[in-house]
Trainee: 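Structure below; questions to follow.
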Amino acid sequence: MSTGPYQREDGGSYEVRLERVPGGVRLAQWSGGRLERRAPELPAADLLTLIAAVAERDLLPARDSEVLAEILRIERRGGAGDGVAGSPGLSGDLREELRVERRDGDRVRVGRWLLYPSRGWELQDAPPMLPAARYAEAFRAFFAG
């Protein structure tokens, strides 16, 4: 499923897709038919619309659709989605986190961050590919506040 197109300041446009990949789900920006190497950004409301469309059309295995659809049923509290929410994990010996971060206005960025012992946390300039449960955990924390 996709949402967009969204306009860039430079005049270009892109869309954001939530798609099934081996081992999980990828949330990615596409422009001109090409996958972009960056963490996707989109309006928070469109993220919920994208989740609803995926759950409605059964594009993912049942358990993945169900875990994402739970996000649509959570009660949104005051201040929900005002900051940064994440789903912590491990990548080999490194700590990592899938983060949903408030950007300009109503936009959010969904990105994977790695904690390097000598450099600290760094955003990975790539679309995150993780199990649906990791996305659900980060989305739940973001929208529930």
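Keep in mind that what you see is a predicted model, and the values were worked out from it rather than measured. These numbers come from the heavy atoms of this one structure, side chains and all, not from hydrogens, waters or symmetry mates.
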Trainee: Could you tell me which non-hydrogen atom of W121 sits nearest to which non-hydrogen atom of R99, and how far apart they are?
Mentor: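 Closest heavy-atom pair between W121 and R99: CD2-NH2, 3.2 Å.
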Trainee: Minimum heavy-atom separation for L115 to G120, with atom names?
Mentor: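 So the two residues come closest at CD1-C, 3.5 Å.
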Trainee: From L35 CG over to R26 CZ, what is the distance, rounded to the nearest 0.5 angstrom?
Mentor: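 Rounded to the nearest 0.5 Å, the CG-CZ separation comes to 5.0 Å.
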Trainee: Minimum heavy-atom separation for A132 and L68, please, with both atom names.
Mentor: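 Taking A132 first and L68 second, the nearest heavy atoms are O-CD2, 4.0 Å.
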Trainee: Not counting sequence neighbours, which residues clear side-chain contact (heavy atoms from CB on, under 4.5 Å) with E122? List them please.
Mentor: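 So E122 forms a side-chain contact (heavy atoms from CB on, under 4.5 Å) with Y116, R119, Q124.
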Trainee: So R112 and R134, side-chain contact (heavy atoms from CB on, under 4.5 Å) or not? Walk me through it.
Mentor: CA-CA 11 Å; R112 187 166 172 254; R134 290 288 305 282; over 6 Å; no
Trainee: Count I, L, V, M, F, W, Y as connected when their side-chain heavy atoms are under 4.5 Å apart, and connections chain through other members. Are V100 and L48 then in the same cluster?
Mentor: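 Looking at the clustering, L48 is in the same group as V100.
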Trainee: For A136 versus V67, what's the shortest heavy-atom pair and its separation?
Mentor: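 Nearest heavy atoms, A136 then V67: CB-O, 3.6 Å.
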Trainee: Minimum heavy-atom separation for E41 and Y14, please, with both atom names.
Mentor: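 Here E41 and Y14 meet closest at O-OH, 2.9 Å.
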Trainee: Look at atom CZ of R37 and say whether more than 12 heavy atoms of other residues, nucleotides or ligands are closer to it than 6.0 Å.
Mentor: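 Atom CZ in R37 is not packed in, count stays at 12 or less.
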Trainee: So Y135 and F139, would you call those rings parallel, tilted or perpendicular, with 30° and 60° as cut-offs?
Mentor: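 The rings of Y135 and F139 sit tilted, inter-plane angle from 30° to 60°.
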Trainee: Would you say M1 ends up clustered with L130 if hydrophobic residues are merged whenever their side chains have heavy atoms under 4.5 Å apart, either directly or through other cluster members?
Mentor: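 Yes: a chain of side-chain contacts under 4.5 Å links L130 to M1.
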Trainee: Under 4.0 Å between a side-chain nitrogen and a carboxylate oxygen: does that hold for R95 and E97?
Mentor: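 So R95 does not pair with E97 through a salt bridge.
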Trainee: Just by modelled atom types, is the G24 backbone N or O under 3.5 Å from a matching donor or acceptor in the R20 side chain?
Mentor: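 Checking the backbone N and O of G24 against the side chain of R20, no donor-acceptor pair under 3.5 Å is found.
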Trainee: Locate the shortest heavy-atom distance separating S13 from S31; write the atom from each residue and the value.
Mentor: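 So the minimum-distance heavy-atom pair works out to O-OG, 2.8 Å.
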Trainee: Do L72 and V16 land in one hydrophobic cluster if side-chain heavy atoms of ILVMFWY residues count as linked below 4.5 Å?
Mentor: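 Hydrophobic grouping puts L72 with V16.
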